[in-house]
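Below: the structure, in structure tokens.
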Amino acid sequence: MERFVLDRSGLDTLIAALSSAGYRVLGPTIREGAIVYGDVAAAADLPVGWTDVQGPGSYRLQRRADDRCFGFVVGPHSLKTLLFPPRRTLWNATREDGEIRFIPSQPNDEPLAVVGVRSCELAAMAVQDHVLIGDRYQDPDYVARRSRLFVVAVDCTDPGETCFCTSMGTGPGSKSGFDLALVEVLDENGHRFVGRVGSDLGSDLLDKVPHLPASDADVKQVGRMVSDAGERMGRAIRTAGLQELLADHRDAARWDEVAERCLACGNCTQVCPTCFCTTTEDVASLDAAEASRSRRWDTCFSLDFSYMGGKPQRASIKGRYRHWLTHKLSTWINQFGESGCVGCGRCIVWCPVGIDLTEEVAAIRREVGADA
């Protein structure tokens, strides 16, 4: 794997090279008090000198003491927002002279380049690939967007309070799924990025960007930085036996306790980078001359989500929270052979009442005597 070094100005050159190659370049930007994906024309558009302070039910931006470009963790947006958007029109229909004409929407194949993708997001994208580009069923819009995606990953060196990717095996270093991966270094030797090439596409683009080969010292330094970040995770979850634990203890008293706090708002599913449930909406004009069908994100916390046979099948908040957590950490493995959680901590941060799934799992372990 080719290793290289970019100086601070090299990041601008990289972004310009992506734009010249025909990509719409997106990256972390500050909007409405949060770090979210937006269009990026230069490194100055990134949250330079900003960090995010996160906790259960808490998120705020704060100035850093340095000018790091990627000195933050993750915001409410994930790659899912770009590859599997919250709302998409499936078809439009018109009625003319008594005839109805259906116009299907075409998959969006606009080339996208995303700068600043974290390892937990890459792991989440791999999970969604299994779901939406499976052997039997494929989502054509996701396939089109995914096939035209260029990823510039940035490994984490300063994890947040709610991060637990180390225990899920998804970070803090990027393992695969990227075209280029960077580690930001700001020390007495200057501001630079030590990178790796992850694909032929990444190698071709790097040829257009002035860079230097990384030295052994560079590689060892960033390796220590990422390794140290893994030891400073704010949270952890013990995954050994977790699938069986949740499947075998559906009547644990802890489910009642968390249900007393849960608002069933669905925030956790909206910010989760792997949740993929949707519903459809049909809209028609008053004169019935036009109609459309759209797909939008849904949540298993909604009463309507499990409506079948004249009533919701999970009428209680307890049943809906238990279903979500058990699916995420247990039955997802039955379906797809892997966990549905990547340890990004978003569900903890963006829960209005600060429910922490790592604590919920630990509480169930204690209750049933499985915490040894």
Side-chain angles (χ1 to χ4, degrees), residues 56-57 120 123-124 126-128 130-131 134 136 162-171 233-277 298-309 311-351 353-372:
C120 58
V127 170
Q128 290 230 307
H130 293 163
V131 176
R136 297 178 61 191
T162 55
C163 296
F164 58 102
C165 66
T166 301
S167 57
M168 300 308 295
T170 61
M233 287 284 141
R235 295 285 193 281
I237 190 168
R238 187 154 67 87
T239 57
L242 182 55
Q243 182 181 7
E244 296 76 17
L245 174 79
L246 296 178
D248 296 343
H249 296 93
R250 294 176 54 81
D251 295 324
R254 184 67 182 192
W255 298 121
D256 293 293
E257 295 176 28
V258 71
E260 292 181 358
R261 299 172 57 204
C262 179
L263 305 177
C265 65
N267 262 21
C268 51
T269 62
Q270 303 303 292
V271 297
C272 176
T274 64
C275 280
F276 58 89
C277 292
D298 202 355
T299 173
C300 54
F301 283 91
S302 165
L303 271 175
D304 290 341
F305 186 83
S306 66
Y307 193 90
M308 184 171 59
K311 62 180 182 180
Q313 300 304 301
R314 288 185 289 273
S316 68
I317 292 180
K318 169 187 174 180
R320 280 173 270 164
Y321 185 87
R322 181 178 59 194
H323 167 78
W324 173 74
L325 188 64
T326 302
H327 184 216
K328 188 65 57 178
L329 297 173
S330 178
T331 55
W332 198 299
I333 301 173
N334 298 333
Q335 282 183 283
F336 305 111
E338 61 190 344
S339 174
C341 176
V342 295
C344 67
R346 286 183 175 94
C347 59
I348 304 171
V349 174
W350 298 96
C351 173
V353 295
I355 295 174
D356 181 343
L357 89 168
T358 67
E359 173 55 30
E360 297 310 311
V361 169
I364 293 174
R365 284 193 183 278
R366 291 193 297 269
E367 178 183 339
V368 303
D371 57 349

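Keep in mind that this is a model prediction, so the values were computed, not measured.
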Would you mind listing every salt bridge (charged side-chain N to carboxylate O under 4.0 Å, His left out) that reaches into residues 340-351, with sequence neighbours excluded?
E121-R346
Under the rule for side-chain contact (heavy atoms from CB on, under 4.5 Å), what residues qualify as partners of [X], not counting sequence neighbours?
X: L303; result: P312, R320
X: S339; result: M168, L329, C341
X: D304; result: S302
X: A236; result: S167

Which atoms form the tightest heavy-atom contact between [X] and [Y], and what is the distance?
X: R261; Y: V353; answer: NH2-O, 2.9 Å
X: E360; Y: L325; answer: CB-CD2, 4.2 Å
X: G241; Y: R365; answer: C-NH2, 4.3 Å
X: G340; Y: T274; answer: O-OG1, 2.6 Å
X: H323; Y: C300; answer: CD2-CB, 3.8 Å
X: R235; Y: F164; answer: O-CB, 3.3 Å

Donor-acceptor pairs under 3.5 angstrom involving side-chain atoms of residues 263-270: please list them, not counting sequence neighbours.
unit_1, atom_1, unit_2, atom_2, d
N267, ND2, W350, O, 2.9
T269, OG1, G266, O, 2.8
T269, OG1, T299, OG1, 2.9

Report the residues that fulfil side-chain hydrogen bond (donor to acceptor under 3.5 Å, both in side chains) with [X], sequence neighbours left out, ordered by chain and then residue number.
X: E244; answer: none
X: E338; answer: H130
X: T162; answer: none
X: Q243; answer: N334

Kindly write out the residues that satisfy ring-ring contact (aromatic ring centres under 6.0 Å, His included) with W332, not counting sequence neighbours, or none if the list is empty.
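For W332, the residues satisfying ring-ring contact (aromatic ring centres under 6.0 Å, His included) (neighbours in sequence not counted) are F276, H327, F336.
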[Y] and [X], any side-chain heavy atoms less than 4.5 Å apart:
X: P56; Y: I355; answer: no
X: C262; Y: W324; answer: no
X: P273; Y: C344; answer: yes
X: I364; Y: W255; answer: yes
X: R322; Y: S316; answer: no

Partners meeting salt bridge (charged side-chain N to carboxylate O under 4.0 Å, His left out) with E257 (sequence neighbours left out)
R254
Counting only heavy atoms not in R250, do more than 12 sit closer than 6.0 Å to its CZ atom?
no
